[in-house]
Protein chains: 2
Amino acid sequence: MSLRFAILGLLARRPSTGYELTQTFDRSLRTSWHASHSQIYPELGKLERAGLAEVVGHGARRSKTYGLTAAGREELRRWLVDGEPDRSQRNESGVRLFLTPLLGAADRCIAYGRDLTHVEDELQALVELRAQVGASEQPEAFAPQIELGIRLNTVVRDWLREQIDDAAD
Amino acid sequence: MSLRFAILGLLARRPSTGYELTQTFDRSLRTSWHASHSQIYPELGKLERAGLAEVVGHGARRSKTYGLTAAGREELRRWLVDGEPDRSQRNESGVRLFLTPLLGAADRCIAYGRDLTHVEDELQALVELRAQVGASEQPEAFAPQIELGIRLNTVVRDWLREQIDDAAD
DNA sequence: CTCCGCATGTAAACGGTTACATGATTTG
DNA sequence: CAAATCATGTAACCGTTTACATGCGGAG
């Protein structure tokens, strides 16, 4: 069900084509969910038939821009407020982190070092995004989410550095 | 592929039956991966046929205890050290958190409050686990992972409290 | 000796990924 | 006008979930 509501949520932020949604999944939602175009286009069709989304414009190359209907907006609101969250996760990096203590010290440092590089990149991207959003005049509702991302990645970065330093003894 | 390596990893920690693995997924790995018995039993069969795991004991009620073979241990090590991590995630709570700014202040507080209760429970369970592990004499290789869990949940807890407090203005 | 929890298994349905396929518009 | 990118769609495969199904062993 998450795919449906992720799409409703992105359309609530701004009307989009399927192609744009595919990119937004990669850019904004990539740390929480992923979807490829082969899933998105059929789902947009279902959303339209269910009366939750509608075509609000046609562009070049047969592109259709979808927006939410009032029913779609209400459906999204109900899911966010009333729905019981499914807290189960699928996170391969988490599995790796959990199992890394099984390795010897040298191998463990290789694994942690690989993660550290990745987390540092993520962190830098988020810090830049925050600066960019902070520079614009309009208030940005998603600023706290960016802040949370920065804090979370900082904790992981510091923890990884500690693990690598401790192993060096 | 993660399921296969998650099982190899759990078997590396201690030989187990399928039933025990099912419970361990819920207890230890639940924040990173989930698997039900209907997936675990067939996968144990595949692992055995692939020479990565073997039956090391029989117990009551036809139960079979599986352990890793040398090949299984090596396969796990290679995955952890050499394998390029798949960083994509599926995390419904993350999707919700990302979309919550779309709600009005009142609805937003309901959603954040629900998350806060959950995070506080998680945090308490981890703090208890840390105390329990710290009290035992034997050195515990997974202590840093527990510490990371505590730090991560603390950050989320504090962030949620801030969001709820700010909305009260 | 009955009930409950332990323990294992299979099948159908569902959701997600990868691969296949096509055509329109812009850039050089 | 050729190549690259935009843009949409479908099909086969694979992994996950849900539902069905069975039998053993201990507790009362």
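Proteins come first, then strands; the chains are lettered A, B, ... in the order of their sequence lines, and each starts at number 1.
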**Prompt:** Quick one: the side chain of B:Thr17 and the base of C:dT8, do they pair up donor-acceptor inside 3.5 Å?
**Reply:** no
**Asked** Can you tell me how far OG of B:Ser2 sits from CZ of A:Arg96, rounded to the nearest 0.5 angstrom?
**Response** 7.5 Å
**Message:** Below the 4.0 Å mark, does D:dC6 have OP1 or OP2 next to a side-chain nitrogen or oxygen of A:Tyr19?
**Reply:** yes
**Prompt:** According to a strict under-4.0 Å criterion, is B:Lys64 in side-chain N/O contact with OP1 or OP2 of C:dG9?
**Reply:** yes
**Message:** Distance check needed: C:dC6 P versus B:Arg62 CZ, whole Å only.
**Reply:** 18 Å
**Asked** When the distance from CD of A:Glu92 to P of D:dT16 is rounded to whole Å, what number comes out?
**Response** 11 Å
**Prompt:** Atom CE of A:Met1 to atom C1' of C:dA13: distance rounded to whole Å?
**Reply:** 14 Å
**Request:** Between A:His37 and B:Tyr66, name the one whose nearest nucleotide on DNA chain C is closer to the 5' end.
**Result:** B:Tyr66
**Request:** Classify the side chain of B:Ser36 and the base of D:dT16 as holding, or not holding, a donor-acceptor pair under 3.5 Å.
**Result:** no
**Asked** Any salt bridge between B:Glu120 and B:Arg157, counting N to O under 4.0 Å?
**Response** no
**Asked** Any side-chain N or O of A:Arg90 less than 4.0 Å from the OP1 or OP2 oxygen of D:dT17?
**Response** yes
**Message:** Applying a 4.0 Å non-hydrogen cut-off, can you work out what B:His34 is touching in the nucleic acid: base, sugar-phosphate, or nothing?
**Reply:** sugar-phosphate
**Request:** Starting from P on D:dG26, measure out to CZ on B:Arg61 and report it in whole angstrom.
**Result:** 6 Å
**Fill in**
Per nearest nucleotide of DNA chain C, the residue lying toward the 5' end, A:Leu3 or B:Thr65, is B:Thr65
**Message:** So, applying side-chain contact (heavy atoms from CB on, under 4.5 Å) with B:Val119, which one of B:Asp158, B:Val155, B:Thr154, B:Leu160 is it?
**Reply:** B:Leu160
**Request:** Look at the side-chain N and O atoms of A:Gln39 and state whether any lies under 4.0 Å from the OP1 or OP2 oxygen of C:dT17.
**Result:** yes
**Message:** Would you say B:Tyr41 places a side-chain N or O within less than 4.0 Å of OP1 or OP2 belonging to C:dG9?
**Reply:** no
**Request:** Identify the heavy atoms of B:Gly51 and B:Ala71 that sit nearest to each other, and give their distance.
**Result:** O-CB, 3.8 Å
